[in-house]
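Data first, discussion second: the structure below is written as structure tokens.
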Amino acid sequence: MRTFLGYVLIFMFVPLFCWMFFLSYSEWSSSLSLNQVLDKKIPMKTIPLAETSWIKDKNGSVIASISNQQHRISLADSEIPTFLKEVFIIAEDRSFYDHTGFDAAAIGRAIMVNAASDSIEQGGSTITQQLARNSFLSSEKTYNRKLAELLHAYQLERKYSKPEILDSYINAIYFHNGMYGIEAAANFYFSQSTDKLTNAQLAFLAAIPNNPNAYNPLKHYDETKRRQERLIKQLSEAGKLTKSETSKLIEENITLNINQKAKESYPDYTDYVTHEFKSLIARGDGLEANLASKDSSIRKAAQMKLANKVETLLESGITIETALDPAIQKVSKESVQQTLNGTDIEASAVVIEHHTQKLVSLIGGKNYIKNSFNRSYQSYRQPGSAMKPLLVYAPYFEETNAPITQLISGASYCKNGYCPRNAGGGSYGSITLKQAFSRSYNTPAIRLFEKTGINTSFSYLKPFRFQKITTDDYTLPAAVGGFSYGVSTLELTRAFTSFANGTYKPAHAIVRVRNKQGKTLYQWDDKTKTIWSDQTVKKMRNLLHEVTINGTGRKAYIERGYIGGKTGTTNDVKDLWFVGLTNDYTTGIWIGKDQPSSMNAQQLAAPHLTIWKTINLSIPSL
């Protein structure tokens, strides 16, 4: 009985309620008209419909979709078939073109049904009310929400034309299985776009939104088909179809062709793209300084502003164009998996096209799962001797212009209790810089580091912006890769690109971000910096090449124009690195265990060099 009385009140006193509702606002509102108050309280400048955004590879192919639990692809009025519009009006709101947002007669019918069951079973909602609920309100069945729905529907009718409301409704409604709007539903249930569907198929889809659970075609196909037939008959009764058209539509066989949303083939890369996307927005919107502020209130405000902007953009149907090379990504993943199969060893791999500074491949783990720990950029490990080119040798050449034939002592070294050893514990006399580098001796590196000066050497790392390297690391052990935290595979590989021609610009996955109209919204604007002189680059490329010919990286050698690189091994063989260059690409490989422990048994097989070699053998020269 309470339900019955509640609906009677709604039906009879909606106008009175509206008047009394707005009287309760502050005194100034009493002097305004109802419409003015509505415009103030419910401005409704747009009809918010979250759309799916897309990530594309370098060839323009979609490699991932991004949606906030609502997969939606909005269509324009001209793209929505007239037949479909007629079906929805017949099915949901026959007086659509006559009412002003709500249908008193429909509410009356709902009162009778709900009174009989003493619960809210029907709401008598018009298409406009349903759009208001889907776009602005919740779906809870309470009287407060119902009254708010009426006010929002009234505003929609004031602000938008009937065609605009109908189009938005068809793009907004839920078709079950995570699909919102007719285009997403057509793609999912029939693997076709809306304009390719037959009228019978359109009517079948139109049967779903009335009760998505009851008419879910995947579980209740027969019920959905029966409702489709009822809708077709109602169209016929309304004079929209002839008898022969009606029979033909009913008899047409409806065969679902479910588009199993492809499991993302490149989750390592696309997860990094979403991470980089936030950084790009922070840069573009001038939030970087505030995000790094020591003032927690400033930092939190910037974080909230960034989160809101990212959410708004991703719900607007943007396209994120990336540099991903699917072929390189595939071979990189296969190489990691095949080389480390049957072991508890993990890996990360990064490939950069260094003349364009595009990140063409990124592997976050042997069997990476979406939204998991991405070892390529989230893992910071000790780099070992892989750091010597950047922190020791190149700075030394820059400061002294020494030749690679210069002699340096390879004898034992000990200072203030710090006594690093060469691999195998050997002690050597005078050797050339070239020999010391290619064989990755530690004591010569320490001596060169001291000669250049710790602060001077570290100054050359600043353009690379290693996130975890701080002034606490300004110690002698850094010369052989001893840091408080370490570096990521992406960071180290990026820095090595500077040995291509002496300049540096951070490599990025994202090429540009476009809106639905194709306008470029964001793209990176990093400036190229000169890090090394031509003389230093020439010497370093000679040393890096020697590593692959006569040094610790011989197993990575391939007959492919220029090739050079540097290995890195940490204490107790807990990490193995190789970062190398060819004429066109810089590739970085790290392997190790998530819980660091010795890989001494695997070191001789050099899996990191095998992975690097396999990847680069498969890449054609540009």
Side-chain angles (χ1 to χ4, degrees), residues 43 45-46 48-55 64-70 136 267-323 357-359 362 364 370-380 461-473 483-491 494-495 504-516 519-529:
K45 295 179 180 179
T46 60
L49 293 179
E51 292 200 40
T52 299
S53 290
W54 309 95
I55 300 176
S65 61
I66 310 175
S67 57
N68 186 19
Q69 298 182 334
Q70 294 190 14
F136 302 101
D268 323 51
Y269 192 91
T270 55
D271 276 357
Y272 175 72
V273 168
T274 58
H275 165 78
E276 186 179 288
F277 177 69
K278 295 175 184 177
S279 299
L280 177 57
I281 303 309
R283 169 82 62 83
D285 287 11
L287 296 174
E288 285 184 317
N290 287 350
L291 288 170
S293 173
K294 294 181 179 180
D295 187 321
S296 61
S297 61
I298 294 176
R299 191 169 61 251
K300 288 179 180 178
Q303 290 170 345
M304 182 174 294
K305 186 174 182 180
L306 175 61
N308 290 337
K309 183 59 174 290
V310 167
E311 182 178 4
T312 298
L313 284 168
L314 292 179
E315 290 184 348
S316 67
I318 60 172
T319 296
I320 304 175
E321 299 176 3
T322 75
Q357 289 301 315
K358 290 181 178 180
L359 178 60
L362 181 147
K370 186 170 179 59
N371 296 324
S372 62
F373 182 62
N374 196 311
R375 297 164 186 83
S376 66
Y377 73 94
Q378 292 178 316
S379 178
Y380 291 82
L461 293 188
K462 291 182 179 179
F464 304 125
R465 301 183 68 179
F466 287 99
Q467 293 298 307
K468 300 289 187 179
I469 292 181
T470 68
T471 53
D472 291 338
D473 294 310
F483 294 90
S484 302
Y485 295 98
V487 300
S488 73
T489 312
L490 178 58
E491 286 180 333
R494 276 176 167 170
Y504 177 72
K505 184 169 71 171
H508 294 297
I510 297 175
V511 176
R512 66 182 60 85
V513 177
R514 298 184 188 271
N515 64 12
K516 287 185 64 178
K519 178 183 177 182
T520 297
L521 302 178
Y522 294 90
Q523 59 186 10
W524 291 105
D525 60 354
D526 300 291
K527 305 302 180 184
T528 299
K529 297 180 180 179

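Looking at Gln303 and Leu291, their side chains come closer than 4.5 Å, going by heavy atoms from C-beta outward. No side-chain heavy atom of Val513 sits less than 4.5 Å from a side-chain heavy atom of Leu313. The shortest distance between side-chain heavy atoms of Leu359 and His508 does not fall below 4.5 Å. Tyr380 places a side-chain heavy atom less than 4.5 Å from the side chain of Glu491.
For the pair Phe466 and Ala495, the tightest heavy-atom approach, listed with the atom from each and the gap, is CZ-CB, 3.8 Å. Of all heavy-atom pairs between Asn374 and Gly364, the closest is OD1-CA, 3.1 Å. The two residues Ser488 and Ser376 make their nearest non-hydrogen contact at CB-O, 3.7 Å.
Enclosure of atom NZ in Lys529 is not indicated, since only 12 or fewer non-hydrogen atoms of other residues, nucleotides or ligands lie within 6.0 angstrom.
A donor-acceptor pair under 3.5 Å is absent between the side-chain atoms of Arg514 and the main chain of Thr319, judged by distance alone.
For Tyr522, the side-chain hydrogen bond (donor to acceptor under 3.5 Å, both in side chains) partners are Asp285, Lys309, not counting sequence neighbours. Residues satisfying the side-chain contact (heavy atoms from CB on, under 4.5 Å) criterion with Ser316, sequence neighbours excluded, are Ile318. Every residue meeting the side-chain contact (heavy atoms from CB on, under 4.5 Å) condition with Lys305, not counting sequence neighbours, appears here in chain and number order: Leu287. With sequence neighbours excluded, the residues forming a side-chain hydrogen bond (donor to acceptor under 3.5 Å, both in side chains) with Asp473 are Ser484, listed by chain and number. By the salt bridge (Lys or Arg N to Asp or Glu O under 4.0 Å) test, Glu276 is found to be paired with no residue, residues two or more places apart in sequence or in another chain being considered. For Asp472, there are no salt bridge (Lys or Arg N to Asp or Glu O under 4.0 Å) partners two or more places apart in sequence or in a different chain. Every residue meeting the side-chain hydrogen bond (donor to acceptor under 3.5 Å, both in side chains) condition with Asp295, not counting sequence neighbours, appears here in chain and number order: Ser297. Applying the salt bridge (Lys or Arg N to Asp or Glu O under 4.0 Å) rule to Arg375 yields the partners Glu346, Asp594; only residues at least two apart in sequence or on another chain are considered. Every ring-ring contact (aromatic ring centres under 6.0 Å, His included) that Tyr504 has, sequence neighbours left out, goes to Phe464. Listed by chain and residue number, Glu51 satisfy the salt bridge (Lys or Arg N to Asp or Glu O under 4.0 Å) test with Lys516 (two or more places apart in sequence, or in another chain). With sequence neighbours excluded, the residues forming a side-chain hydrogen bond (donor to acceptor under 3.5 Å, both in side chains) with Glu288 are Arg283, listed by chain and number.
Among residues at least two apart or in separate chains, ring pair (Phe, Tyr, Trp, His ring centres under 6.0 Å) pairs with a member in residues 274-302 are Tyr272-His275, His275-Tyr377.
Atom CD of Gln523 and atom CD1 of Ile510 lie 11.5 Å apart (nearest 0.5 Å). How far CG of Asn515 is from OG of Ser53: 10.5 Å, rounded to the nearest 0.5 Å. Taking CD from Glu315 and CG from Leu49, the interatomic distance works out to 10.5 Å, rounded to the nearest 0.5 Å. With rounding to the nearest 0.5 Å, the separation of CD1 in Ile55 from OH in Tyr269 is 9.5 Å. Atom CG of Leu490 is separated from atom CG of Leu362 by 6.5 Å, given to the nearest 0.5 angstrom. Between the CG atom of Leu314 and the OG1 atom of Thr274 there is a distance of 8.5 Å, given to the nearest 0.5 Å.
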